[in-house]
Amino acid sequence: MTEGVAGRDGSGTIAPEEIRAQLDRVLASDIFRSAPQLTAFLSYVVEQALAGRSGELKGYTIAVEAFGRPAEFDPQSDPIVRVEAGRLRKALHLYFAAEGVRDPVRITIPVGAYVPSFTRSDFPGPDAASPAAEPATPLPPAAGRPRFWAYTVLLLALPALIAFAVWRLAGPRPEPGVGTPSAGMHAPRPAATPAAPDQLASAQPAEPVAAPASLPVIAVVIAGDIVDPAVEDAARLFMRHLVDTMARFDDLLVVKTPGMALRPEEGADYVLTLNTARAGDKVEGFARLSAAKEGRVVWTTSGERSLAAVSDGIELRKLAQRVAIRLAQPYGILHADFRLATLPPGVTCIYQALNFRRHMKEDEHLAARNCLDSLVARDSDFHPAWSHLALLTADEYASGLNPRPGSALDRALAAAVNAVRLAPASARAHQALMEAQFLRGMTEEALKSGREALTRNPYDPDIMADLGARYVQLGRASEGLPLLERAAALSNGRPSWYDVFLYFAAYLSGATKLADNQAALLKGEETPLALVARAVASAAAGDRLELEETQRLLGQAEPLFALDGRLYLTRKGFSPVVVDRILAAIGEAGLQPR
């Protein structure tokens with residue numbers, strides 16, 4: 001019979017079943033599930049320790065019994081056990097700093113030996129919680145705060161949680177917001193995972209619960225009376241193309257045009273005023289975007305064209321589309337005005353999610369996710385929230401940001417499906433579905449969803465870049481390159497990941513000059529994936545000093561890459577053939593790809 005093991009922290013005996021339960025949790029994690037050598041190593045040493053055979057844990061026995069090496073194995077000439085022990089220590093440290101931060105038992109492999117150590121943590125195990133208790137949520141990977149502050153935050157957040165629970169039980173549900181689907185399109189909402197108190201405390205304050213979610217309304221008007229029929233026809237055709245293009249961004253705004261009953265400015269958040277006049281054989285056009293309530297001018301533009309040019313419907317359509325894309329796109333003019341404007345409830349969460357996708361910062365991810373969680377809890381019919389929540393949850397998995405219990409991929413897919421059910425015509429909903437499907441390995445389904453998203457909004461650079469990136473990750477760089485080039489050309493405020501994937505597309509397709517130009521744009525970028533691209537570019541240029549500095553920064557920004565570069569890139573969605581190309585490029589310059 002196996003006896004209990006004394007904890008190293010002096011906390012008493014830890015029962016074997018507790019240790020085995022903890023071992024199962026560790027081996028089920030993403031880090032270990034994709035690392036068979038580490039799984040075999042850890043399983044073997046733990047079971048040997050529980051069986052009372054710790055004295056037999058030597059390099060030779062581990063190599064032969066855990067790794068299947070032959071009986072003539074020589075530990076002096078083959079350092080596999082020492083190498084894998086180092087990787088195992090790093091993997092355990094990474095696991096207990098992120099996914100396993102609240103696990104009841106910690107397993108470590110002390111340096112200089114292969115005998116595992118078991119200690120109790122300060123968090124109760126799953127069985128210790130009362131039936132009504134909320135499931136514990138892991139702290140963010142970078143969390144290393146003292147216990148005192150953790151308890152303080154918990155106590156400060158507790159009254160808010162109680163108040164929220166009372167409101168959820170007794171309060172009325174708000175009516176659907178502006179532009180939400182009809183009741184016949186409603187779909188069951190996936191079960192939300194409650195946020196931990198420390199997450200609620202760290203996020204920005206939730207919006208007033210009584211206000212229904214809605215999107216900013218932009219009214220498009222033609223100023224004054226146009227007496228020249230040719231100019232009037234051109235102005236109205238320009239407005240139709242402008243409105244059609246802007247309306248495709250249905251997760252970011254609602255467009256109003258002049259109607260019979262009300263002036264379009266009434267109830268609008270922004271007014272886009274178009275003014276057209278003839279000057280000889282030319283037509284002068286002016287556009288001004290202003291905040292409806294305070295009259296603040298947000299943006300203006302002007303230009304002139306020959307009368308023959310504006311009579312050409314194709315030229316006029318292209319001009320209207322350029323103006324609309326500049327205004328409505330993610331990271332465009334309306335998004336840039338977010339911090340100055342007074343916007344409808346719900347938009348704050350959407351713009352927070354966009355800000356995260358631009359900067360990829362962990363705290364912005366947490367704040368945006370908490371905001372969206374609160375939003376869908378009180379207005380489950382607001383489809384833009386589901387789309388952006390799905391995208392954030394996909395990043396939770398791919399980047400290991402603020403992990404929660406359970407499968408992030410399942411939650412991302414459920415949110416995306418809900419968005420598509422609520423708004424089957426929404427391009428962003430199909431983009432979110434593509435992300436969730438792609439990370440689950442549903443490659444063909446993901447590409448189909450991405451093409452559907454681009455068909456529904458062929459003007460959105462974020463969808464272009466996202467679909468192009470998926471082609472690049474699959475080793476189909478020639479298909480992704482034109483999409484990424486067009487996305488970069490359309491989006492002046494684009495996130496750095498556009499340029500990262502444009503670099504990979506150019507590098508993998510042999511477009512050396514373009515790859516060099518893109519590498520120059522990434523010099524100051526320090527997101528993990530940008531650092532991987534910089535490492536490949538440094539290796540390709542033979543710049544050893546830059547490569548070593550990039551490697552150092554990458555190890556700090558993304559410990560998983562230093563532990564297992566292949567696992568990191570695979571979780572990001574790169575196919576094996578592309579992973580091999582990236583790691584081989586770095587390895588040829590002196591680094592050792594795994």
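A salt bridge does not link Glu315 to Lys318: none of the charged nitrogens lies less than 4.0 Å from a carboxylate oxygen. No salt bridge links Arg494 with Asp462; every basic N to acidic carboxylate O contact stays at or beyond 4.0 Å. Lys448 has no carboxylate O lying under 4.0 Å from a charged side-chain N of Glu445, or vice versa, which leaves the two without a salt bridge. The residues Glu548 and Arg544 are annotated as salt-bridged, a charged nitrogen and a carboxylate oxygen being separated by less than 4.0 angstrom. Here Arg534 pairs with Glu546 in a salt bridge; the nearest charged N to carboxylate O distance falls below 4.0 Å.
By the 4.5 Å heavy-atom criterion applied to side chains, Leu484 and Met464 are not counted as neighbours. Side-chain contact between Arg357 and Asp395 is present, with heavy atoms from C-beta onward closer than 4.5 Å. Inter-residue side-chain proximity for Leu253 and Leu327 is flagged as unmet; no heavy-atom pair is nearer than 4.5 Å. Using a 4.5 Å cut-off on side-chain heavy atoms (C-beta onward), Leu521 and Leu502 make no contact. Residues Ile80 and Gln37 are in side-chain contact: their nearest non-hydrogen atoms beyond the backbone lie under 4.5 Å apart. Looking at heavy atoms from C-beta onward, Tyr507 lies out of side-chain contact with Gln518 at the 4.5 angstrom threshold. Residues Leu467 and Arg451 have side chains in contact (heavy-atom distance under 4.5 Å, counting atoms from C-beta outward). Here the side chains of Val323 and Trp299 are in contact, with some heavy-atom distance below 4.5 Å.
The shortest heavy-atom contact between Leu88 and Leu38 is N-CD2, 3.8 Å. Closest of all the heavy-atom pairs between Leu372 and Leu389 is CD1-N, 3.7 Å. Between Ala40 and Ala66 the shortest heavy-atom distance is CB-O, 3.7 Å. Ala385 approaches Leu375 most closely through the heavy-atom pair CB-CD2, 3.7 Å. For the residue pair Ile463 and Gly450, the shortest heavy atom distance occurs at CG2-O, 4.4 Å. Annotation for Leu252 and Ala328: closest pair CD1-O, 3.4 Å, computed over non-hydrogen atoms.
Judged by distance alone, the side chain of Arg428 and the main-chain N or O of His388 form no donor-acceptor pair under 3.5 Å. Here the side chain of Arg470 pairs a donor or acceptor atom with the backbone of Asp466 at under 3.5 angstrom. Put simply, the side chain of Thr39 gets close to the backbone of Phe32: a donor and an acceptor are under 3.5 Å apart. Between the side chain of Trp386 and the backbone N or O of Val417, no donor-acceptor pair lies under 3.5 Å. Distance alone, capped at 3.5 Å, is enough to place a donor-acceptor pair between the Ser29 side chain and the Val26 backbone. For the pair Glu396 (side chain) and Ala412 (backbone), a donor-acceptor distance under 3.5 Å is absent. Using modelled atom types, no side-chain atom of Asp251 and backbone atom of Ala429 make a donor-acceptor pair closer than 3.5 Å. Between the side chain of Tyr503 and the backbone N or O of Ala537, at least one donor-acceptor pair lies under 3.5 Å.
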**Request:** Given side-chain contact (heavy atoms from CB on, under 4.5 Å), test Thr527 with Trp497 step by step and report yes or no.
**Result:** CA-CA 9 Å; Thr527 61; Trp497 64 265; over 6 Å; no

**Item:** Arg106 vs Val101, side-chain contact (heavy atoms from CB on, under 4.5 Å): CA-CA, chis, key distance, verdict
**Value:** CA-CA 9 Å; Arg106 294 189 175 236; Val101 71; 4.1 Å; yes

**Message:** side-chain contact (heavy atoms from CB on, under 4.5 Å) for Asn492 and Tyr331? Distances and angles first, verdict last.
**Reply:** CA-CA 8 Å; Asn492 293 327; Tyr331 325 110; over 6 Å; no

**Evaluation steps, side-chain contact (heavy atoms from CB on, under 4.5 Å), between Phe501 and Leu529** = CA-CA 9 Å; Phe501 281 102; Leu529 204 54; 3.7 Å; yes

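Taking CG from Asp499 and CD from Glu525, the interatomic distance works out to 7.5 Å, rounded to the nearest 0.5 Å. Summarising the geometry, atom OH belonging to Tyr114 is positioned 7.0 Å from atom CZ belonging to Arg89; distances are rounded to the nearest 0.5 Å. Rounding to the nearest 0.5 Å places CG of Leu433 at 10.0 Å from CD of Glu452. Between Cys349 atom SG and Leu354 atom CG the span is 11.5 Å, to the nearest 0.5 Å. Distance check, rounded to the nearest 0.5 Å: CD of Glu47 to OH of Tyr44 gives 11.0 Å. Summarising the geometry, atom CZ belonging to Arg358 is positioned 10.5 Å from atom OG belonging to Ser496; distances are rounded to the nearest 0.5 Å.
Among His365, Lys361, His335, the single residue meeting the side-chain hydrogen bond (donor to acceptor under 3.5 Å, both in side chains) criterion with Asn355 is His335. Under the side chain to side chain contact (heavy atoms under 4.5 Å, CB included) test applied with Leu569, the options Leu560, Asp580, Val579 reduce to a single match, Val579. Considering Val578, Val577, Leu447 as possible partners of Leu474, the one that fulfils the side chain to side chain contact (heavy atoms under 4.5 Å, CB included) test is Leu447.
Gln329 and Ser491 form a side-chain donor-acceptor contact under 3.5 Å, judged by distance and modelled atom types alone. A donor-acceptor pair shorter than 3.5 Å cannot be found between the side chains of Gln437 and Arg440.
The aromatic rings of Tyr351 and Phe338 stand perpendicular to each other, their planes meeting at an angle above 60°, with 30° marking the opposite boundary.
Atom NE2 of His93 is surrounded by 12 or fewer heavy atoms from other residues, nucleotides or ligands within 6.0 Å.
By the ring-ring contact (aromatic ring centres under 6.0 Å, His included) test, His430 is found to be paired with no residue, residues two or more places apart in sequence or in another chain being considered. Scored by the ring-ring contact (aromatic ring centres under 6.0 Å, His included) test, Phe67 finds Phe41 as partners (sequence neighbours excluded).
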Which donor-acceptor pairs under 3.5 Å do side chains of residues 241-250 form with protein atoms, sequence neighbours excluded?
unit_1, atom_1, unit_2, atom_2, d
Asp244, OD2, Arg248, NH2, 3.3
Thr245, OG1, His241, O, 3.0
Arg248, NH1, Arg456, O, 3.1
Asp250, OD1, Ser426, OG, 3.2

